[in-house]
Peer 1: 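Mind looking over this structure? Questions follow.
Both ligands and their constituent atoms are indexed starting at 1 by order of listing. Just so you know, residue 1 is the first one in the sequence shown, and it goes up from there.
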Amino acid sequence: MGSGTPWKLPKARAKGSPYFSRNQISKVLHQVGVLLELNGANPFRTRSYFNGSRTISNLNDDLGDIINTGKLTELKGIGKGLGSSIRRAVLDGEWVEDWIELFESTPNGLIEMLGIPNLGPKRIKLLNEKLGISNIAELQISCEKHEIEELDGFGKKSQQKIIDGIQLLKRFNARRRLDIGLLYGNALKNLIGNIDHVEKIELAGSARRRKESIGDLDLVVGAEIKFHETISNSILSLPGIADVKGAGGSKISVILDTSIFENKFNLGNIDDGVLEAIGGDEYEKMEASGTIDAQIRLVSLNMFPFTLAYFTGSKEHNIRMRQRALDRGLKLNEFGLIPLDKIENKVGIEAAKYSLEAKSEKDIYKMLDLPYIVPELREDLGEIEEGEKNNLPELVTSNSLLGAFHNHTTLSDGEATLEQMSDAARKLNWKYLGISDHSQSLKIANGLSPQELIAQGDIIKKYNSEWKQSNTNFRVFHGVESDILENGKLDYKNEILETLDYVVASVHAIRKWKNRDEAENTEDLFNAIENKYTTMLGHPTGRIIQGREGYEVDMHAIIRRMGELNQEGIFKAIEINASPYRLDLDWRLCKFAKMCGVPISINPDAHDISGLKDVKFGTYIARKGWLEKSDIINTKDSIEVMELFSKRG
Ligand code: DGT
Ligand code: CA
Ligand code: ZN
């Protein structure tokens, strides 16, 4: 709901009764309630819709069964009138006239305004009545003219909140984080994959290339042409399709919402600092009621590899490939790879009849004298040149990881104990786990006093010796995530740091660092990495995707210096913070780090058990940054890790 999409009543399922799912009914009831509020209906009436919506969404039994056994109006909050409207929708596939009228007559601008956090239907109605505001643009102008703060019941504070809310909404609508895109994309892929006669389906576009944020989802579906129409109809009646922007020929454009998820949409545990940077509770609410656009291409099986390659992109990579084809007297497009002398004046699918055959994308690359190039590398950043020399990297995979180093426990701001975290790591088949709780200066994250840190070390030693005695191939490395203080100092005395296996050094006073210039920040980071006890640099720029840019710093200079230190035999690594909110180091700098000889650590920055699995996103970014197994320190075994960590200079 909200997020700028006009509301529409869902289309009835083509297969027949039940025509609508429980989620769809619950959502429509909620929307009717909101629309009534926007139109100033009496509160009892609106409340009955909200109550009904909640009752339906909390049902344990199947909605169709409840209706068929006549038990619908026995449910709390479902009166006779509402019950009969729901029955008609579910059994006959028809919405009642009142609701249709309500959906059609409410201006889209008012519905768009519902996407602004903290601005409910009642206040939107008031703004509309008092100031004639009927869309977000008008609201913004009114705020800028300070008209809102003059209104009864509003004031300066709520005017500022509206301005902030409009900002958040705009940011949210522009692009979405990779993890969110993949959640929606994979859900849709599974649903379409289960439709009869669908033989091939792949996610394409920036999601397949693992960009850190994506504009819209692209999916390519392969099936025999005679089934295309029924498949297309089935796609349009899938759950989670909030709206259809267009469906013609081979292209279907839809808007997805969270009802695509079988279980309630859950973002999991978000680190407090991160949550604040992306908009706090308002962000969570927006995500839970968000939407995302998806373009689906339905093509024949022989066209599938060409369409997939084309819509995987990037555009820059495609342009290079098309030129390669031309150099060989061929035309490459989403339909095929066609000898120019056969095309004459035929276009599109007509010309594609003469296409060379490809069973998979691999064949397309082969016909253009290249080895297969994985999607992550398709950015025209050297992959064609290296491919020509047969010199493409063998990219790291999640399976190669033997552990991870940047993790928190309940001793600082984590949600799981040391025991729970180690158990979870062993279940992932890891051979070690690094624990690095926050350091003493970071009071809000419950940073560890020197005594607490030492005591934690004693417990870890005890566990390690127990595992050793029982011949369990697992150990915990004791580290700390030391805050980088004034002048780049670490947060404990050397005697304390000396007792640790390793130190992750990270900046947390982001506000302060963002107020300083690049030279100052770079200087302090130099001091931090040159500290004898710093093993690796944590979330190097402090950026939060969709939240805030990092502080200004000459990251190239930092990486170069770390490379020099490694050359001198002193171990200094840099992390790819694998939290999907961070993905910092950026993939664009990974190749540079590798070139300078700086080892990379894929660090989940886990604050609970499920956070450990974020290494998956870090691996995507490492792959996108051309990194191989040997570039990543958490692919090494415990003994090698110990050796590396001991190279302190
Ligand atoms: P996004 O959605 O902004 O995160 O990025 P993409 O890469 O998914 O881009 P999108 O959705 O506009 O198009 C999907 C792919 O289709 C794109 O990566 C390459 C291909 N494509 C789209 N437009 C063009 C074009 O004008 N020329 C070429 N060569 N390829 C295009
Ligand atoms: Ca896209
Ligand atoms: Zn951390």
Peer 1: Which ligand 1 atoms, with their elements, are less than 4.0 angstrom from a heavy-atom of Gly313?
Peer 2: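 Near Gly313, meaning under 4.0 Å from one of its heavy atoms, ligand 1 has 17 (C), 18 (O), 19 (C).
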
Peer 1: For residues Asp605 and His539, determine if any side-chain heavy atom of one lies less than 4.5 Å from a side-chain heavy atom of the other.
Peer 2: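 Side chain of Asp605 against side chain of His539, heavy atoms only: contact under 4.5 Å found.
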
Peer 1: Going by the order shown, which atoms of ligand 1 are within less than 4.0 Å of some heavy atom of Arg322?
Peer 2: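 Going through ligand 1 atom by atom, the ones under 4.0 Å from Arg322 are 29 (N).
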
Peer 1: Around the Zn ion (ligand 3), list the protein N/O/S atoms within a radius below 2.8 Å, excluding water molecules.
Peer 2: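 Hits for the Zn ion (ligand 3) below 2.8 Å: His406 NE2, His408 NE2, Glu481 OE1, Asp605 OD1.
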
Peer 1: Kindly confirm or rule out a cation-pi arrangement of Arg648 over Phe645, judged by NZ or CZ under 6.0 Å from the six-membered ring centre and within 45° of its axis?
Peer 2: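 Geometry flag: not set, cation outside 6.0 Å or 45°.
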
Peer 1: Please write down residue, atom name and distance for the protein heavy atom closest to atom 9 (O) of ligand 1.
Peer 2: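 Residue, atom and distance for the closest contact: Asp218 OD2, 4.8 Å.
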
Peer 1: Under 3.5 Å, is there a donor on one side chain and an acceptor on the other for Glu481 and His508?
Peer 2: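 Yes.
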
Peer 1: Classify the side-chain pair His478/Gln456 by whether it contains a donor and acceptor separated by less than 3.5 Å.
Peer 2: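 Judged by distance alone, the side chains do pair up.
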
Peer 1: Restricting to non-hydrogen atoms, name the atom on Tyr184 and the atom on Gly290 that form the minimum distance, rounded to 0.1 Å.
Peer 2: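 Closest pair (atom of Tyr184, atom of Gly290, distance): OH-O, 3.5 Å.
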
Peer 1: Which ligand 1 atoms does Gly205 reach within 4.0 Å, using its non-hydrogen atoms?
Peer 2: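 It comes down to these atoms of ligand 1: 8 (O).
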
Peer 1: Number the atoms of ligand 1 from 1 as they appear, then name those within less than 4.0 Å of a heavy atom of Phe311, with their elements.
Peer 2: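 Counting atoms of ligand 1 from 1, those under 4.0 Å from Phe311 are 14 (C), 15 (C), 16 (O).
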
Peer 1: Any idea which protein heavy atom is nearest atom 2 (O) of ligand 1, and the distance to it?
Peer 2: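 Looking at atom 2 (O) of ligand 1, the protein heavy atom closest to it is Asp216 OD1, 3.0 Å.
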
Peer 1: Looking only at atom types and distance, does a side-chain atom of Asn634 sit under 3.5 Å from a main-chain N or O of Gly403, one as donor and one as acceptor?
Peer 2: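 Yes, because the side chain of Asn634 sits within donor-acceptor range (under 3.5 Å) of the backbone of Gly403.
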
Peer 1: How far apart are the C-alpha atoms of Thr307 and Glu334, what are their side-chain angles, what is the distance that settles it, and do they pass the side chain to side chain donor-acceptor pair (under 3.5 Å) test?
Peer 2: CA-CA 4 Å; Thr307 311; Glu334 68 262 51; over 6 Å; no

Peer 1: Could you check whether atom 12 (O) of ligand 1 has a protein contact, counting only heavy atoms that fall below 4.0 angstrom?
Peer 2: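 So atom 12 (O) of ligand 1 lacks protein heavy-atom neighbours under 4.0 Å.
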
Peer 1: Parallel under 30°, tilted from 30 to 60°, perpendicular over 60°: which one fits the rings of His607 and His438?
Peer 2: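 Tilted: the ring planes of His607 and His438 meet at 30° to 60°.
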
Peer 1: Is there a ring-ring contact (aromatic ring centres under 6.0 Å, His included) between Tyr432 and Phe474? Walk through the geometry before answering.
Peer 2: CA-CA 5 Å; Tyr432 50 84; Phe474 185 81; 8.1 Å; no

Peer 1: Contact between Thr312 and ligand 1, counting heavy atoms under 4.0 Å?
Peer 2: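 Judged by the 4.0 Å heavy-atom criterion, Thr312 does count as contacting ligand 1.
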
Peer 1: Between Arg208 and Glu361, is there a salt bridge with N-O shorter than 4.0 Å?
Peer 2: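 Yes, Glu361 and Arg208 are salt-bridged.
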
Peer 1: Side chains of Ser601 and Glu575: donor-acceptor distance under 3.5 Å anywhere?
Peer 2: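 Result is no, nothing qualifies.
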
Peer 1: Determine, stepwise, if the pair Trp430 / Leu402 fulfils side-chain contact (heavy atoms from CB on, under 4.5 Å).
Peer 2: CA-CA 5 Å; Trp430 286 358; Leu402 300 182; 5.9 Å; no

Peer 1: Can you name the N, O or S atom of Asp218 that is closest to the Ca ion (ligand 2)?
Peer 2: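 It is OD2 of Asp218.
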
Peer 1: Starting from atom 3 (O) of ligand 1, locate the nearest protein heavy atom and write down its residue, its atom name and how far away it is, to 0.1 Å.
Peer 2: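 The closest one turns out to be Arg175 NH1, 3.2 Å.
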
Peer 1: Which ligand 1 atoms does Ser314 reach within 4.0 Å, using its non-hydrogen atoms?
Peer 2: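 Within the 4.0 Å cut-off of Ser314, ligand 1 contributes 18 (O).
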
Peer 1: More than 12 heavy atoms of other residues, nucleotides or ligands under 6.0 Å from CG of Asp423: is that the case?
Peer 2: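 Yes, CG of Asp423 has more than 12 neighbouring heavy atoms, counting only those of other groups under 6.0 Å.
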
Peer 1: Just to confirm my output: which protein heavy-atom neighbour is closest to atom 24 (C) of ligand 1, and how far is it?
Peer 2: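 Sorting protein heavy atoms by distance from atom 24 (C) of ligand 1 puts Tyr310 OH, 3.5 Å first.
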
Peer 1: Looking at atom 29 (N) of ligand 1, what's its closest protein heavy atom, distance included?
Peer 2: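 Of every protein heavy atom, Asn318 CB, 3.4 Å lies nearest to atom 29 (N) of ligand 1.
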
Peer 1: Mind listing the closest non-hydrogen atom pair of Ile252 and Ser232 along with its distance?
Peer 2: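 So the two residues come closest at CD1-OG, 3.6 Å.
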
Peer 1: Of all the atoms in ligand 1, which lie at a distance below 4.0 Å from a heavy atom belonging to Arg209?
Peer 2: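 Those qualifying, in numeric order: 7 (O), 18 (O).
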
Peer 1: Does an N or O from Ile319, backbone or side chain, lie closer than 3.5 Å to an N or O of ligand 1?
Peer 2: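 No.
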
Peer 1: Can you tell me which residue and heavy atom of the protein come closest to atom 26 (O) of ligand 1, and the distance to 0.1 Å?
Peer 2: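 Closest protein heavy atom to atom 26 (O) of ligand 1: Lys315 CE, 3.6 Å.
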
Peer 1: Does ligand 1 come near enough to Ser206 that some N or O of the ligand is less than 3.5 Å from an N or O of the residue?
Peer 2: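 Right, the criterion is met.
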
